[in-house]
Amino acid sequence: NPAIKVPNAGRWYYSYQPARSGQGYASIRYFYNIATAPFSEHIYVPLKEPLQLGTSYFIRFFVSVDEALTVAEFSDCVGLAFTQNDPYQFVPDGENLKLEQAIENRGILLTDTIGWTPVSGCYTAQGTEQFAGIGNFRSEAECMLYQPDLPGVWPSGLYLYIEDVEVRPFDP
């Protein structure tokens, strides 16, 4: 839709989030339609080059929540996983891809609808990683969730913007 562009690129007409850097960002949603047939999205890309066995990598990306506080559901689950092959696959409603995450945000609800929250960590490569993906790789039961108790508000799931993803070698 040509009307959807940064900074008004969210799923609500009042969504507003300037890019952290550059001209744009990606978005994903998960625990979407949780009351009926929940599903989750993931973003995957091939790496510029495979990760090198035994090399330490610093990984960081930033997220921002698109929802207004009176409508949102919040979660602490978002992470980055590496795979050897393109992980595109069908996953039944209510389930997530079961991949080992290199880094993840856990224990702190993602609630910032104005700024950008960093998710970062270190990872030692196994030497087979050729794709990187961001999303939620845990079940609803494994995640800390918060949904405002508002009459008449339909559960809407979490809608995140993703910005400035980096995977770079470093010497700890």
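If you read the sequence from its start, that first residue is 1, and numbering goes on from there.
How far OH of Tyr159 is from OG1 of Thr113: 14.5 Å, rounded to the nearest 0.5 Å. In this structure, CD on Glu163 lies 9.0 Å from CZ on Phe62, to the nearest 0.5 angstrom. One finds the CZ atom of Phe137 at 11.0 Å from the SG atom of Cys77 (value rounded to the nearest 0.5 Å). Put simply, OG1 on Thr128 and CG on Asn85 are 9.0 Å apart, with the number rounded to the nearest 0.5 Å. Separation of atoms OG (Ser64) and CG (Leu160) is listed at 8.0 Å; rounding is to 0.5 Å. We find the OG-CD1 distance between Ser120 and Ile103 to be 6.5 Å, quoted to the nearest 0.5 Å.
Nearest approach of Gly22 to Ala19, heavy atoms of both residues: O-CB, 3.7 Å. In terms of heavy atoms, Gly135 sits closest to Ile28 at CA-CD1, 3.7 Å.
Gln17 contributes a side-chain N or O that, together with a main-chain N or O of Ile114, makes up a donor-acceptor pair within less than 3.5 Å. Put simply, the side chain of Asp76 never gets that close to the backbone of Arg106: no donor and acceptor are under 3.5 Å apart.
Evaluation of the side-chain contact (heavy atoms from CB on, under 4.5 Å) rule for Leu53 yields no partner, not counting sequence neighbours. Every residue two or more places apart in sequence or in another chain that forms a salt bridge (Lys or Arg N to Asp or Glu O under 4.0 Å) with Asp164 is listed here: Arg20. Residues that satisfy the salt bridge (Lys or Arg N to Asp or Glu O under 4.0 Å) test with Glu104, not counting sequence neighbours, are Arg138. Residues passing the side chain to side chain donor-acceptor pair (under 3.5 Å) test with Asn105, sequence neighbours excluded: none.
Between Tyr44 and His42, the angle of the ring planes lies from 30° to 60°, which puts this pair in the tilted group.
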**OP:** I would like to know whether Phe82 and Gln126 meet side chain to side chain contact (heavy atoms under 4.5 Å, CB included); could you show each step before the answer?
**Re:** CA-CA 10 Å; Phe82 293 110; Gln126 298 173 9; over 6 Å; no
Subject >> Val119 and Leu80: CA distance, side-chain angles, deciding distance, side chain to side chain contact (heavy atoms under 4.5 Å, CB included) verdict >> reply: CA-CA 9 Å; Val119 178; Leu80 183 142; over 6 Å; no
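Cluster annotation: Phe61 is not connected to Val45 through the hydrophobic network of ILVMFWY side chains, with a link wherever side-chain heavy atoms come within less than 4.5 Å. Put simply, Phe58 and Val63 are part of two different groups of oily side chains (I, L, V, M, F, W, Y) that touch within less than 4.5 Å, one to the next.
Applying the ring-ring contact (aromatic ring centres under 6.0 Å, His included) definition to pairs two or more places apart or across chains, those involving residues 97-118 are Tyr25-Trp116. The side-chain hydrogen bond (donor to acceptor under 3.5 Å, both in side chains) contacts involving residues 49-62 comprise Arg60-Glu166, where partners must be two or more places apart or lie in separate chains.
Contact check for Val65 versus Asp112: no side-chain heavy atoms found under the 4.5 Å cut-off.
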